[in-house]
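The structure under discussion appears below in the form of structure tokens.
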Amino acid sequence: LLSIRKIDEELWDDIEAILIQADIGIQSTMRIIDNLKDRVAMQKINESEQVIELLKEELVDILRFESPQTLHDTTARRVILVVGVNGTGKTTTIAKLARRYVNAGKSVLLAAADTFRAAAIEQLDIWAKRLNVDIIKHERGSDPAAVVYDAIHAANARKTDILLIDTAGRLHTYVNLMEELKKIKRIADREKGNAQLETLLVIDATTGQNGIAQARLFDEALKVDGIILTKLDGTAKGGIVLAIQDELKIPVRYVGVGEGMEDLHEFNPKEFVEALVG
Amino acid sequence: NLSSKLQDIFAKLKSRGKLTEKDVDAAMREVRLALLEADVNFKVVKDFIAKVRERAVGVEVLESLTPAQQVIKIVNEELTRLMGSTESKLSFAPRPPTIIMLVGLQGSGKTTAAAKLAYNLKTHGRRPFLIGADVYRPAAIDQLKVLANENRIPFYSDDPTTPPLKIVKAGIKAANQDGSDVIIIDTAGRLHVDAEMMGELEEIKSEVRPHQILLVVDAMTGQDAVNVAQEFRNRLDFDGVIMTKLDGDARGGAALSIKAVTERPIKLVSVGEKIDSLEPFHPDRMASRILG
Ligand SMILES: Nc1nc2c(ncn2[C@@H]2O[C@H](COP(=O)(O)OP(=O)(O)OP(=O)(O)O)[C@@H](O)[C@H]2O)c(=O)[nH]1
Ligand SMILES: Nc1nc2c(ncn2[C@@H]2O[C@H](COP(=O)(O)OP(=O)(O)OP(=O)(O)O)[C@@H](O)[C@H]2O)c(=O)[nH]1
Ligand SMILES: [Mg+2]
Ligand SMILES: [Mg+2]
């Protein structure tokens, strides 16, 4: 499709089709193509492969981020709050993160703060047993904030390196549920002691333009430090993270590529863009 | 919104007469933008715009409607025609039991939809039975069991080391002994490109002959919806769709894409997490939600 050919309207149409079908969204797509057309004119480019290379560079530039110093501190204790709308893969991703940290020799504790959904606690409990890590859990229906409070105090007392907090899925449009999350974060922030608090938003790669609304509202409520993009092992390209990073500057930290505890990779913008452009 | 954008475009249209190509081009750009922002599939949008443009160009500007109103009217008519103009009902077997199998991608809402569907049928005087055939996801069977017990719906499953087909067959036996007239099977989420897992569904279908196979789709699904729907249709020839999480603000363009590409109707929508949050699908409401 993008092999040697003229730079004409048809090429721009094909690029537009690729970007839109990758869920990058029409607004970001139009901006990217306008920038490309400018560069093609300025640099007097006449080969289509060069245009494709410029396109990839442009996309990688948007996705690149300077990871903050706090992320590189491997000795830091961490409290990681995992949030997102229903069914995106939060609970499974926590299992994967726990696995990474255990492999890196860290002590890990899980907090089952989804006290709402049927068998949510049981689901995380099974992962804890498979990972051989401890879990803090209360009764179903209890206050999630109380679970978080107990878990942080347990982690502080045991000097646990990594505390991973699972929360109930919730649509960003439910003000009361977003308030509940804000309260949870306030408690975590207040009680965390010397730990770094991180908030990670889990986004399903099949999500369309609604992903931007999700990121916006979760960021407004909590200040999101990073995104985990799940289910990239399907056929969806996950281009929505480009629009999210473009508008909100929230970087992708990891991608989920399967249902097992090993199926998590650090985000690599170049690989992601290669797969997206195809 | 779209109608006000179209009003602005045609505000400058001074002459009465026909809508020219140039008039229609500007309007089509706005309609295309609205549909793409609503997650309607790129190719479906292309075909749709071509149809609308054909109808709009040369249309007499009527005395009774403004040009913007006329274009909107054409767009709405074409949208409703695509979405299906009548509500599509769940169909039941001529003789009980009716067997319904729920399938779809991971996390789309199948397990909760199974329980909600059972609850809905119970309130309509039927005798539903739930079978938990997801042996892969940790505590999936517990999840359905809790929902079944909370709502007093008979339930069957087995140890997760049991093959799903075995669970389904034993469940149907138990349901028949129970005198149930609708059997709802919850299956594990799976990728349409996972040959082995899709094969598992094909095997259950051929052995058990469900009366209805419903594809459960998340309303926030983007461009990938057609890939998923086409593959599920090619492998399983599903009968209809349940669209979930419509209580959010996703425009739900995937509904249009799936219908356009598979010709299978959306039968039910889920608008919340409560057990009574299943509703019939209204194509006209969906069309205006998509247009925004
Ligand atoms: N193929 C694939 N499936 C995934 C991935 N991540 C999670 N899943 C599956 O997605 C489904 C939902 O995962 P959960 O971890 O329960 O999602 P959740 O966000 O915790 O869901 P709620 O708590 O109900 O909001 C499960 O079937 C997971 O196995 C991934 O990267 N790839
Ligand atoms: N707000 C909202 N949440 C929903 C709706 N339908 C399902 N959910 C939630 O979405 C999440 C996933 O639902 P499940 O029923 O576990 O999804 P599933 O398809 O069975 O997931 P897998 O078995 O892992 O493939 C849960 O948190 C549900 O409560 C809905 O209509 N609205
Ligand atoms: Mg969960
Ligand atoms: Mg399920």
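Throughout, protein chains are lettered first and strands after them, A, B, ... in sequence-line order, and every chain is numbered starting at 1.
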Worksheet item: Taking every heavy-atom pair that is under 4.5 Å apart, which of A:R140, A:E122, A:Q123, A:M30 has the most such pairs with chain B?
Response: A:Q123
Worksheet, complete the sentence: Rounded to the nearest 0.5 angstrom, the CG-CD distance for B:L36 and A:Q21 is 10.0 Å
Worksheet entry | Distance, nearest 0.5 Å, that separates CZ of B:R137 from OG1 of A:T91 | 7.5 Å
Worksheet item: Are any non-hydrogen side-chain atoms of B:Q223 and A:K237 less than 4.5 angstrom apart?
Response: no
Worksheet item: In terms of heavy-atom pairs under 4.5 Å, which option from A:A236, A:G234, A:G239 contacts chain B the most?
Response: A:A236
Discussion item. Please give me the minimum heavy-atom distance between B:L33 and A:Q27, naming the atom from each residue.
Written reply: CD2-NE2, 4.0 Å
Worksheet item: Could you go step by step and tell me if B:L105 and A:T206 meet the side-chain contact (heavy atoms from CB on, under 4.5 Å) rule?
Response: CA-CA 10 Å; B:L105 293 184; A:T206 64; 4.1 Å; yes
Worksheet, complete the sentence: So CG of A:L19 and CZ of B:F42: to nearest 0.5 Å the spacing works out to 9.5 Å
Worksheet entry | Which atoms of B:L144 approach chain A - backbone, side chain, both or neither, heavy atom under 4.5 Å | neither
Worksheet item: Where does B:D194 contact chain A at under 4.5 Å (heavy atoms): side chain, backbone, both or neither?
Response: neither
Worksheet item: Out of B:K145, B:R251, B:E150, B:K46, which one racks up the most heavy-atom pairs below 4.5 Å with chain A?
Response: B:E150
Worksheet entry | Distance, nearest 0.5 Å, that separates NE2 of B:H192 from OG1 of A:T235 | 3.0 Å
Worksheet entry | Pairs meeting criterion salt bridge (Lys or Arg N to Asp or Glu O under 4.0 Å) with involvement of residues 32-45 of chain B, two or more places apart | A:E16-B:R32
Worksheet item: Which one of B:A139, B:G248, B:A115 has the most heavy-atom pairs closer than 4.5 Å to chain A?
Response: B:A139
Worksheet item: So, for B:D224 and A:D23, which heavy atoms are closest and what is the spacing to 0.1 Å?
Response: N-OD2, 4.4 Å
Item to complete: Answer yes or no: is there a side-chain heavy-atom contact under 4.5 Å between A:R117 and B:Q143?
Response: yes
Fill in: From CG (A:D125) to CG (B:D142), nearest 0.5 Å
10.5 Å
Worksheet item: Which residue out of B:D249, B:V226, B:T221 racks up the most heavy-atom pairs below 4.5 Å with chain A?
Response: B:D249
Worksheet entry | Reported CG-to-OG1 distance for the pair A:N86 and B:T112, which is rounded to 0.5 angstrom | 8.5 Å
Worksheet item: By a 4.5 Å heavy-atom criterion (distance strictly below it), what part of A:D233 contacts chain B: side chain, backbone, both, or neither?
Response: both
Response to the item:
Assert top hit (heavy-atom pairs under 4.5 Å, partner chain B, pool A:L171, A:I240, A:I212, A:D204) equals A:L171
Practice prompt. Would you mind checking which part of B:N227 comes under 4.5 Å of any heavy atom in chain A, side chain (CB onward), backbone (N, CA, C, O), both or neither?
Written response: side chain
